[in-house]
There are 2 protein chains.
Amino acid sequence: MAGVSRATASRVFTGKARVSDATRRAVERAARQLRYVPNQAARSLVTGRTDTVALVIPEPVPWLFGDPFYPVLIRGINEALSSHEVQLVLLAPQSPAERERVERYLGRRPVDGVLLTALHERDPMPERLRERGLPVVLGGRIDGDPRLSYVDIDNLGGARRATEHLIQAGRHRIATITGPLNRVSALDRRAGYRQAQAAAGLPPLEEEGDYTPEAGERAMRRLLERQPDLDAVFCASDPTAVGALRALAAAGRRVPQDVAVVGFDDAALAATTEPPLTTVHQPIQEMGREMARLLLELIAEPARVGRRVTLATELVIRASSGGGR
Amino acid sequence: MAGVSRATASRVFTGKARVSDATRRAVERAARQLRYVPNQAARSLVTGRTDTVALVIPEPVPWLFGDPFYPVLIRGINEALSSHEVQLVLLAPQSPAERERVERYLGRRPVDGVLLTALHERDPMPERLRERGLPVVLGGRIDGDPRLSYVDIDNLGGARRATEHLIQAGRHRIATITGPLNRVSALDRRAGYRQAQAAAGLPPLEEEGDYTPEAGERAMRRLLERQPDLDAVFCASDPTAVGALRALAAAGRRVPQDVAVVGFDDAALAATTEPPLTTVHQPIQEMGREMARLLLELIAEPARVGRRVTLATELVIRASSGGGR
DNA sequence: TCACCTTTTGAGAGCGATTTCACAGTAGTA
DNA sequence: TACTACTGTGAAATCGCTCTCAAAAGGTGA
């Protein structure tokens, strides 16, 4: 319709090669009239690229409690992707069967690369995908093949500084409510707590939670039974801290006068608790950006060895820990 | 490697044609050794199918407040999809620019069909996608081209019954806090409230919210100023009702003795408010199932005319409305 | 005007699968 | 034994695009 060969038309749509202005316009006009859009499958077949990357969120339950973790992460990812005309798709398997289906699906290479988050400690999925030749970047550290790239938050350092903050505020009977201990992030946060306690010569006092307020509340009650005179608690997540605050209120303890509380996440809800929550800020959007950057690198240069990035956390001091250091 | 032609190997992987048991096993063994997986792009090119459908969630902000709306919807969708070996991918554009990119992307037909939710009243996206020949099913009614298929919740009927319930409980000064009025669902719920009020000869008393607790709290305060002696409020969502409860508590009103409260959604949080919330249950998982079913039909038979399904809602009576009818 | 260089364009191969069509075997029937 | 009817398999076309290579067109300077 534009009076040119398929080759030239293709040049207009891919935009790489030079085409004279006149023909470009003719082709574009024809395309508009015909409502023509290049077929993705045919294009992928020859280029070997789909210009799509997947974010796999194998989280069965809550999209993180009322807190915009994924929206922020996604915004960061899209930020890095947008300049490359790469589309992000989400895969959210809600059961083990669906996880397997997602893995089979990804094996057929409908995407150029995969971002994985919310992994458990020894999840085999990333390694299997990498073996199939798919570029993979993890959100969150995992102890495994050193060829796997990841972007992590400095959970250990953040937890250590949070605990140190409590120690410097004069607290001496500091407990912790951990996250689910099959998650590396939970282990790292506990390790940070332990380091700080050990350095100050204080004994650890721990109860396991699972990052939810309900578990946090139960764990706090158990801690109060075990050690009624505790004067501080480091919670491995902000929702956990919310639960702990509830349990403390129910037990008649004042925060921060009787018990200081520190959380982790700097979720939106941290600023709105009563009292406002001292917590560890994690740069979620930057994490997304960095994950996407690494993945694009890996796609461009698949032979590349695994790269690891750890992003710094920052202590945000509010009223729940008894104020500034 | 299996000593057969590509044609036969293909027959094994597609599974449609008959292949002798011996060759099937030989091909499968070879595939396993070679780690061979059919390439999706090449397959799509010839079959014209991608065995993928997209769920587009153009929601910029909260993935619905701490409430698993999308996980439940997704579970329903996957339920209907799983028997057809069709993979669901999510597209979550977080800005107008990203929405456009998603639309361009879908135009290249990387999916067989599209599910759309959380639309505003006059959103042009579904119509544009349908024009491009993409099968589309909407989650939630939209007034537009009758060729568009949708699955809706009976918002009007649910709201009407909720209001009637308040009237039958002897309330006579019943207000409503609506949702964002650019959403069809919010308009329908308001219409249901109005119908019930008009039928009982009661005047409407309305404030606009946006389905969030914050807006609900503000709206409730405004209502109390406008009509201090109101004795009931119908809230267009459960989070809205949570906000309203906060405002009522702050104003010293007892629920349900002074003011009866009814919500809409039957979100998880409805059962845990103080007092537990009377609300309108919507069958989210069934909605997802039905959306996927309609879409699969449409993919199989694209010429099909638009189909509309409305799912019934159900009033769940708890303490916040003063008990049983 | 001619030789030479640069830009623009077209012909055709090829990406990796599926699928049609025809042809061997193999078995069943007369 | 000959004929028919299936089954199972392979050869080759095809899907819609991109990209290499070579030729045509357009410019430049002598």
Side-chain angles (χ1 to χ4, degrees), chain A residues 1-32 34-52 84-87 104-112 132-134 299-300 302, chain B residues 1-32 34-52 84-87 104-112 132-134 299-300 302:
Chain A
M1 180 160 178
V4 301
S5 69
R6 285 154 54 217
T8 302
S10 171
R11 280 187 265 260
V12 171
F13 297 116
T14 52
K16 306 272 178 194
R18 280 158 317 159
V19 180
S20 78
D21 250 29
T23 40
R24 153 161 290 119
R25 271 195 298 273
V27 170
E28 279 167 352
R29 204 164 49 79
R32 218 172 308 124
L34 297 168
R35 303 180 145 279
Y36 169 84
V37 176
N39 177 293
Q40 182 63 54
R43 174 178 279 184
S44 296
L45 185 54
V46 42
T47 60
R49 307 267 267 98
T50 62
D51 296 315
T52 303
H84 292 251
E85 270 295 305
V86 170
Q87 177 65 46
R104 277 205 306 281
Y105 176 73
L106 291 173
R108 275 176 265 149
R109 313 209 55 120
V111 299
D112 295 336
R132 281 205 193 291
L134 266 168
I299 290 170
Chain B
M1 181 162 178
V4 300
S5 69
R6 285 154 55 215
T8 301
S10 172
R11 279 187 265 262
V12 171
F13 296 116
T14 53
K16 306 271 176 194
R18 282 156 314 161
V19 180
S20 76
D21 250 29
T23 41
R24 154 162 290 118
R25 272 195 297 274
V27 170
E28 280 168 351
R29 204 164 49 78
R32 217 171 309 122
L34 297 169
R35 302 178 145 280
Y36 170 83
V37 176
N39 177 294
Q40 181 62 53
R43 174 179 279 183
S44 295
L45 184 55
V46 44
T47 60
R49 308 267 268 100
T50 62
D51 297 316
T52 303
H84 293 250
E85 270 297 305
V86 171
Q87 176 63 46
R104 277 206 305 281
Y105 177 72
L106 291 174
R108 275 175 266 151
R109 313 208 56 119
V111 300
D112 295 336
R132 281 203 193 292
L134 267 168
I299 291 170

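So you know, we letter chains A, B, ... as the sequences are listed, proteins then strands, and number each from 1.
In this structure A/R32 satisfies the side-chain contact (heavy atoms from CB on, under 4.5 Å) test together with A/E28, A/R29, sequence neighbours excluded. Residues satisfying the side-chain contact (heavy atoms from CB on, under 4.5 Å) test with B/V46, not counting sequence neighbours, are none. Evaluation of the side-chain contact (heavy atoms from CB on, under 4.5 Å) rule for B/A30 yields B/M1, B/A2 as partners, not counting sequence neighbours. When the salt bridge (Lys or Arg N to Asp or Glu O under 4.0 Å) test is applied to B/R25, the partners found at least two apart in sequence or on another chain are B/D21. Judged as a side-chain contact (heavy atoms from CB on, under 4.5 Å), and not counting sequence neighbours, the contacts of B/A42 are A/L45, B/N39. Partners of B/R104 under the side-chain hydrogen bond (donor to acceptor under 3.5 Å, both in side chains) rule, at least two apart in sequence or in another chain, are A/E85.
Between its two ends, the helix from C/dT1-D/dA30 to C/dA30-D/dT1 turns its axis by 40°, counting five pairs per end and rounding to 10 degrees.
For residues 41-51 of chain A, the set of pairs meeting the side chain to side chain donor-acceptor pair (under 3.5 Å) definition, not counting sequence neighbours, comprises A/Q40-A/S44, A/R49-A/D112, A/T50-A/D112. Residue pairs meeting the side chain to side chain donor-acceptor pair (under 3.5 Å) criterion with at least one member in residues 2-17 of chain A, sequence neighbours excluded, are A/S5-A/T8.
Spacing between atom CZ of B/F13 and atom P of C/dG16 amounts to 15 Å, rounded to whole angstrom units. Summarising the geometry, the separation between CZ on A/R108 and P on C/dT18 is reported as 11 Å, rounded to the nearest angstrom.
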Each nucleotide in nucleotides 8-14 of chain C should get exactly one letter: B, S or -. Can you fill that in based on protein heavy atoms under 4.0 Å? BBBB-B-

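Read 5' to 3', the first and last nucleotides of DNA chain D with an atom closer than 4.0 Å to a heavy atom of chain B are D/dT7 to D/dG16.
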